[in-house]
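What follows is a single structure, written as structure tokens, with notes after it.
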Amino acid sequence: QVQLVESGGGLVQAGGSLRLSCAASGRTFSSYVVGWFRQAPGKEREFVAAINWNGASKYYADSAKGRFTISRDNAKNTVYLQMNSLKPEDTAIYYCAAGVNVLRLSTPRGYDYWGQGTQVTVSS
């Protein structure tokens, strides 16, 4: 079992930055693929970024490329999402998710565990 807790969300002006954290319990967290997803009101949950077990491979949605950076510190059981140059359209609840055998990183159903989410609001 893995429990995930997101933090770091908040209100920021357009062009600003936030760093989200996803803290995990469980000694085997380092073996999990971790993804970040977001969901805006009235919209489906969408993929933002993912990272493999050792951080060597990273994947981004087109909307995140060049602005967001995913990283992980397995010694701290934590995955981060650094978000720069934020836009109002980035406003959403951000969720982290973990899975062992994730065949399609951009698909939510491939992940086994989910956090409760953290709200990110970007004002114009």
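The model shown is predicted, which means the values in this text are computed figures rather than measured ones.
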If I take atom SG from residue Cys96 and atom CD from residue Glu6, how far apart are they, to the nearest 0.5 angstrom? 4.0 Å

Would you call the rings of Trp114 and Tyr95 parallel, tilted or perpendicular, where under 30° means parallel and over 60° means perpendicular? perpendicular

For the residue pair Arg72 and Asn74, establish whether any side-chain heavy-atom pair is separated by less than 4.5 Å. yes

Counting heavy atoms not belonging to Glu89, are there more than 12 under 6.0 Å from its CD? yes

Does any N or O in the side chain of Thr78 come within less than 3.5 Å of the main-chain N or O of Lys76, such that one atom is a donor and the other an acceptor? yes

Other residues, nucleotides, ligands: >12 heavy atoms within 6.0 Å of Asn101 CG: no

Report the residue from Asp90, Thr91, Thr118 that forms a side-chain hydrogen bond (donor to acceptor under 3.5 Å, both in side chains) with Arg38. Asp90

Of all heavy-atom pairs between Ala24 and Leu4, which one has the smallest distance, and what is that distance? CB-CD2, 3.6 Å

Are Val100 and Ile51 connected in a single hydrophobic cluster, I mean Ile/Leu/Val/Met/Phe/Trp/Tyr linked by side-chain heavy atoms less than 4.5 Å apart? yes

Taking every non-hydrogen atom, the tightest pair across Ser124 and Ala14: CA-CB, 4.4 Å

Treat each ILVMFWY residue as a node, draw an edge where side-chain heavy atoms are under 4.5 Å apart, and state whether Tyr59 and Val33 are in one component. yes

Grouping I, L, V, M, F, W and Y whenever their side-chain heavy atoms are under 4.5 Å apart, do Leu105 and Trp36 come out in a common cluster? no

Between OG1 on residue Thr121 and CD on residue Gln13, distance to nearest 0.5 Å: 13.0 Å

Given Tyr32 and Tyr113, is the side chain to side chain contact (heavy atoms under 4.5 Å, CB included) satisfied, shown in steps? CA-CA 10 Å; Tyr32 284 76; Tyr113 304 102; 3.7 Å; yes

Could you tell me whether the side chain of Ser25 and the main chain of Gln3 form a donor-acceptor pair under 3.5 Å? yes

Does the side chain of Leu81 come within less than 4.5 Å of Arg19's, by heavy atoms? no

Do Leu20 and Val12 belong together in a cluster built from hydrophobic side chains that touch within less than 4.5 Å? yes

Gln119 vs Tyr94 side-chain heavy atoms within contact, under 4.5 Å: no

Working note: Val79 + Phe29, criterion side chain to side chain contact (heavy atoms under 4.5 Å, CB included); need CA distance, chi angles, decisive distance, verdict. CA-CA 10 Å; Val79 172; Phe29 178 69; 3.7 Å; yes

Taking C-beta and beyond as the side chain, do Phe68 and Leu86 meet within less than 4.5 Å on heavy atoms? yes

Quick check: does any side chain N or O of Lys58 sit under 3.5 Å from a backbone N or O of Ile70, one acting as donor and the other as acceptor? yes

Could you tell me whether the side chain of Thr69 reaches within less than 4.5 Å of the side chain of Tyr60, counting heavy atoms only? yes

Which heavy-atom pair separates Tyr111 from Ala50 by the least distance, and what is that distance? OH-CB, 3.8 Å

Decide yes or no on side chain to side chain contact (heavy atoms under 4.5 Å, CB included) for Asp73 and Tyr80, but give the supporting numbers first. CA-CA 8 Å; Asp73 185 342; Tyr80 305 97; 4.1 Å; yes

If only side-chain N and O atoms count, and only distance matters, is there a donor-acceptor pair under 3.5 Å linking Ser17 with Asn84? yes

Evaluate the criterion side chain to side chain contact (heavy atoms under 4.5 Å, CB included) for residue pair Met83 and Arg67; output intermediate values, then yes/no. CA-CA 6 Å; Met83 305 188 296; Arg67 300 188 300 129; over 6 Å; no

Nearest-0.5 Å distance that lies between atom CZ in Arg45 and atom OG1 in Thr107: 13.0 Å

Between Leu18 and Phe37, is there shared hydrophobic-cluster membership here, with clusters defined by ILVMFWY side-chain heavy atoms closer than 4.5 Å? no

